[in-house]
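Values reported hereafter were calculated over all heavy atoms of this structure, with side chains retained and with hydrogens, waters and symmetry mates removed.
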Amino acid sequence: MKYCYQYNNVLIKVRRIFTIKKVSTFAGLFLLIIALFGCSNKNETSQQWKESDIFESGNYKMIGIKGRVGFIYDKKNMPIVEGQQNKYMWHLWGEKNQLEKKFKVLGTHEGSKNDVSIVPETTNNLQISPNNSADVSIPTSMDFKKSGMWKLDVFLDGKLFDTIYVKVNNK
């Protein structure tokens with residue numbers, strides 16, 4: 001591509017070249033950026049499958065996110081075991097208008113893409129009733145069909161409230 005310019009009655013021809021080298025450098029840089037972002041997302045996903053923290057609330061140890069969501073859990077004396085249904089008291093922290101909603105928990109086993117109902121949706125909205133330092137508590141029964149890591153998504157009125165991770169032991 002040629003451009004012509006006139007300067008002091010002299011015609012100057014300028015040739016502008018977009019070389020293959022420049023194109024390949026740009027394409028290589030673009031692919032490198034895509035690869036870096038793709039790898040970082042993959043690493044973030046694998047890091048999430050780590051058992052949630054154990055914390056104290058009231059007189060109990062809980063698993064979950066302190067000040068947000070969790071359930072009473074004693075890893076030593078009462079671990080979660082595959083195929084054994086047990087009672088668990090869930091606790092939530094937050095504002096009244098945020099918490100007084102229908103509650104349910106969906107679980108996903110690590111390596112699976114399918115959600116299963118761990119705690120079916122309540123028929124009534126949760127009621128604010130402080131217990132063990134939490135704003136809301138709800139007794140539930142949970143049963144995990146497989147051992148391994150589970151992601152538990154807590155929903156209020158069908159909207160994701162938060163997610164915790166638990167390890168389910170073999171029988």
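In plain terms, the two heavy atoms of Met89 and Pro139 that are nearest each other are SD-N, 3.5 Å. Looking at every heavy atom in both residues, His91 comes nearest to Asn132 through NE2-ND2, 3.0 Å. Glu51 and Met149 make their closest contact through N-CE, 3.3 Å (heavy atoms, listed as atom of the first residue, atom of the second, distance). Here the closest non-hydrogen pair linking Ser141 and Gln85 is OG-NE2, 2.6 Å. Nearest approach of Ile118 to Leu106, heavy atoms of both residues: CG1-C, 4.1 Å. Nearest heavy-atom pair across Asn125 and Glu100 is ND2-O, 3.5 Å.
Here the side chain of Ser52 pairs no donor or acceptor atom with the backbone of Ile63 at under 3.5 angstrom. At least one donor-acceptor pair closer than 3.5 Å links the side chain of Trp93 to the backbone N or O of Ser133. Panel note: side chain His109, backbone Ser147; a donor-acceptor pair is recorded below 3.5 Å.
With sequence neighbours excluded, the residues satisfying side-chain hydrogen bond (donor to acceptor under 3.5 Å, both in side chains) with Trp90 are Thr140.
By the 6.0 Å contact criterion, CD on Glu95 is open, its count of non-hydrogen atoms from other residues, nucleotides or ligands being 12 or less. Atom CZ of Phe55 sits in a crowded spot, with more than 12 heavy atoms from other residues, nucleotides or ligands closer than 6.0 Å. Applying the 6.0 Å contact sphere to NZ of Lys104 captures more than 12 heavy atoms from other residues, nucleotides or ligands.
Criterion: ILVMFWY side-chain heavy atoms under 4.5 Å apart, direct or through other members. Under it, Phe71 and Met78 are not part of a common hydrophobic cluster. Under a hydrophobic-cluster definition in which Ile, Leu, Val, Met, Phe, Trp and Tyr are linked whenever side-chain heavy atoms come within less than 4.5 Å, directly or via other members, Trp49 and Ile54 are assigned to different clusters.
Counting heavy atoms from C-beta outward, Phe144 and Leu152 have side chains that approach closer than 4.5 Å. Annotation: side chain of Phe103 is not in contact with side chain of Val136 (no heavy-atom distance under 4.5 Å). Inter-residue side-chain proximity for Ile138 and Val119 is flagged as unmet; no heavy-atom pair is nearer than 4.5 Å. Contact annotation: the side chain of Met142 never approaches that of Ile80 to less than 4.5 Å [non-hydrogen atoms, C-beta and beyond]. A heavy-atom distance below 4.5 Å is not found between the side chains of Glu121 and Phe155. For the pair Val116 and Trp150, the minimum side-chain heavy-atom distance is below 4.5 Å. With a 4.5 Å cut-off on side-chain heavy atoms, Tyr73 and Met62 do not count as touching. Put simply, the side chain of Asp153 reaches to within 4.5 Å of the side chain of Leu160, judged on heavy atoms.
Taking OG1 of Thr163 as the start and CD1 of Ile65 as the end, the distance is 7.0 Å to the nearest 0.5 Å. Annotation: the span from Leu92 atom CG to Asn131 atom CG amounts to 11.5 Å, rounded to 0.5 Å. Within the model, atoms NZ of Lys96 and CD of Gln127 stand 8.0 Å from one another, a figure rounded to the nearest 0.5 Å. Residue Glu82 holds its CD atom at 6.0 Å from NZ of Lys171, rounded to the nearest 0.5 Å. Separation of atoms CG (Leu126) and CD (Gln98) is listed at 11.5 Å; rounding is to 0.5 Å.
Between Asp143 and Lys145, at least one side-chain nitrogen of the basic residue sits less than 4.0 Å from a carboxylate oxygen of the acidic one, meeting the salt-bridge criterion.
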Decide yes or no on side chain to side chain donor-acceptor pair (under 3.5 Å) for Thr108 and Asp115, but give the supporting numbers first.
CA-CA 5 Å; Thr108 307; Asp115 293 336; 2.5 Å; yes
